[in-house]
Amino acid sequence: VSLFDGQTLDGWHKPMGVPEDYRGGKWEVMDGVLLGDQDPPGKGGFLVTDGLYRDYVIEFDVKLDEPADSGVFLRMGEDGKNHQVTLDNDQNKKFGWIYLSWGKGTVHEAPEGLEHFKQGEWNSVKIRIEGEPARIQVWLNGAQITDFQHTAETTEGVPKEGRIGLQIHAGADWSEGSRVRFRNIRLTEL
């Protein structure tokens with residue numbers, strides 16, 4: 001099913017249970033593309049699905065300005081706890097890493113993600129999450145860059161079901177005028 005109709009933000013909302021620094025950000029639809037930007041400058045935020053999901057495959061196209069720090073949050077709880085797949089097009093260039101925000105931090109690195117990311121172009125992303133503890137697989141432009149099996153310890157504190165979130169990172173890892181763009185967001189529940 002399509003999660004983004006290309007015209008409106010129907011089916012999505014800004015979460016208010018996350019830390020205050022992440023209640024900003026600006027999301028708008030233009031020419032069939034979901035655009036995200038810091039708003040006010042330096043303040044990030046999320047756009048999350050109305051629906052809750054557990055085991056699924058999500059596919060989308062993403063284009064990130066440089067620098068821009070984004071990510072896709074899986075099984076995101078109301079307080080923001082989640083499994084993040086990084087889309088960090090800042091000085092660190094981390095694509096496909098698994099990071100637990102407001103939790104354990106980085107639990108899996110995917111250095112090969114950088115060689116498959118196309119700077120200044122649309123990138124095709126496919127993410128599969130299933131099971132508990134979760135197994136997370138990520139493909140970038142057709143190449144598998146992540147295959148991570150959580151343990152009970154690494155997934156501690158993350159909900160077993162939650163929303164899908166798109167991120168605008170707060171802080172200086174973003175320059176004025178930078179944007180993150182998503183399109184063709186599709187979901188297959190497992």
Side-chain angles (χ1 to χ4, degrees), residues 3 22 34 36 44 46-49 53-77 80-160 162-174 178-188 190:
L3 293 183
Y22 282 88
L34 180 56
F46 298 96
L47 192 67
V48 299
T49 57
Y53 304 98
R54 182 181 175 104
D55 295 341
Y56 55 88
V57 174
I58 183 169
E59 299 176 76
F60 55 90
D61 300 323
V62 65
K63 185 177 182 183
L64 298 141
D65 289 340
E66 184 181 18
D69 184 337
S70 186
V72 177
F73 286 47
L74 314 174
R75 297 182 182 173
M76 185 173 176
K81 297 256 175 86
N82 64 82
H83 305 281
Q84 178 186 0
V85 175
T86 61
L87 295 171
D88 298 353
N89 196 28
D90 55 13
Q91 70 275 9
N92 298 313
K93 303 283 190 277
K94 296 177 181 177
F95 304 101
W97 294 39
I98 307 301
Y99 184 87
L100 276 61
S101 303
W102 304 293
K104 296 198 177 296
T106 299
V107 293
H108 178 78
E109 297 181 3
E112 58 279 357
L114 179 57
E115 65 190 70
H116 296 285
F117 180 76
K118 298 176 185 174
Q119 196 65 252
E121 297 181 37
W122 284 101
N123 290 269
S124 168
V125 178
K126 176 180 173 182
I127 302 168
R128 182 183 182 106
I129 181 169
E130 63 185 320
E132 185 59 37
R135 179 182 180 194
I136 302 173
Q137 297 171 280
V138 181
W139 291 263
L140 179 58
N141 295 316
Q144 187 171 30
I145 59 171
T146 300
D147 189 351
F148 175 65
Q149 177 62 60
H150 267 290
T151 65
E153 181 183 349
T154 60
T155 196
E156 184 181 4
V158 180
K160 294 175 174 58
R163 303 186 193 286
I164 298 168
L166 307 177
Q167 181 197 37
I168 298 166
H169 203 284
D173 294 330
W174 198 281
S178 283
R179 303 280 186 283
V180 60
R181 299 162 182 84
F182 292 91
R183 68 181 185 189
N184 301 325
I185 306 171
R186 305 167 312 281
L187 180 90
T188 304
L190 302 173

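Keep in mind it's a predicted model, so treat the numbers as computed, not measured. Scope of the values below: all heavy atoms of this structure, side chains included, with no hydrogens, waters or symmetry mates.
- Not a single donor-acceptor pair under 3.5 Å links the side chain of D69 to the backbone N or O of D90.
- Contact check for I98 versus T154: no side-chain heavy atoms found under the 4.5 Å cut-off.
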side-chain contact (heavy atoms from CB on, under 4.5 Å) evaluation trace for T155 with H83: CA-CA 8 Å; T155 196; H83 305 281; 3.2 Å; yes

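- Within the 3.5 Å criterion, the main-chain N or O of W97 finds a donor-acceptor partner in the side chain of T86.
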Decide yes or no on side-chain contact (heavy atoms from CB on, under 4.5 Å) for V125 and V85, but give the supporting numbers first. CA-CA 10 Å; V125 178; V85 175; 5.7 Å; no

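- Summarising the geometry, atom CG belonging to D88 is positioned 8.0 Å from atom OG belonging to S70; distances are rounded to the nearest 0.5 Å.
- Put simply, CD on Q137 and CD on Q144 are 5.0 Å apart, with the number rounded to the nearest 0.5 Å.
- Minimum interatomic distance between P159 and K81 (heavy atoms only, all atoms of both residues): CD-O, 3.7 Å.
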Test side-chain contact (heavy atoms from CB on, under 4.5 Å) on F60 and I127 and set out the steps. CA-CA 9 Å; F60 55 90; I127 302 168; 4.0 Å; yes

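- Side-chain N or O atoms of T49 include one that pairs as donor or acceptor with a backbone N or O of I164 at under 3.5 Å.
- By the neighbour-count criterion of 12 heavy atoms within 6.0 Å, atom CD of Q149 is densely surrounded, having more than that number from other residues, nucleotides or ligands.
- When the shell of 6.0 Å around CD of E153 is examined, it contains 12 or fewer heavy atoms from other residues, nucleotides or ligands.
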Going through the distances and angles, do R128 and L190 end up as a side-chain contact (heavy atoms from CB on, under 4.5 Å)? CA-CA 9 Å; R128 182 183 182 106; L190 302 173; 3.8 Å; yes

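- Panel note: side chain S178, backbone P67; a donor-acceptor pair is recorded below 3.5 Å.
- Counting heavy atoms from C-beta outward, L166 and V72 have side chains that approach closer than 4.5 Å.
- Here L114 contributes atom CG and K93 contributes atom NZ; the two are 8.0 Å apart, rounded to the nearest 0.5 Å.
- A salt bridge links R183 to D61: one of the charged nitrogens lies within less than 4.0 Å of a carboxylate oxygen.
- Of the inter-residue distances, the one linking R181 atom CZ with N123 atom CG reads 12.0 Å to the nearest 0.5 angstrom.
- A salt bridge does not link D55 with K160: every distance from a Lys NZ or Arg NE/NH1/NH2 to an Asp or Glu carboxylate oxygen is 4.0 Å or more.
- The minimum heavy-atom distance between Q119 and L64, with the atom names listed, is OE1-O, 4.0 Å.
- Separation of atoms CD1 (I185) and CD (E59) is listed at 12.0 Å; rounding is to 0.5 Å.
- Considering all non-hydrogen atoms of both residues, S101 and N82 come closest at CB-ND2, 3.4 Å.
- When all heavy atoms are compared, the tightest approach of G96 to A110 is O-CB, 3.5 Å.
- Between W102 and Y22, the angle of the ring planes goes over 60°, which puts this pair in the perpendicular group of the 30/60° scheme.
- Side-chain contact between F46 and M76 is present, with at least one heavy-atom pair separated by less than 4.5 Å.
- The minimum heavy-atom distance linking V158 with R75 is given by the pair CG1-O, 4.3 Å.
- E112 pairs by the salt bridge (charged side-chain N to carboxylate O under 4.0 Å, His left out) definition with nothing, not counting sequence neighbours.
- Under the salt bridge (charged side-chain N to carboxylate O under 4.0 Å, His left out) criterion, K118 pairs with no residue at all, not counting sequence neighbours.
- Distance OH/Y53 to CD1/I129: 14.0 Å, rounded to 0.5 Å.
- In terms of heavy atoms, F95 sits closest to N89 at CZ-OD1, 3.7 Å.
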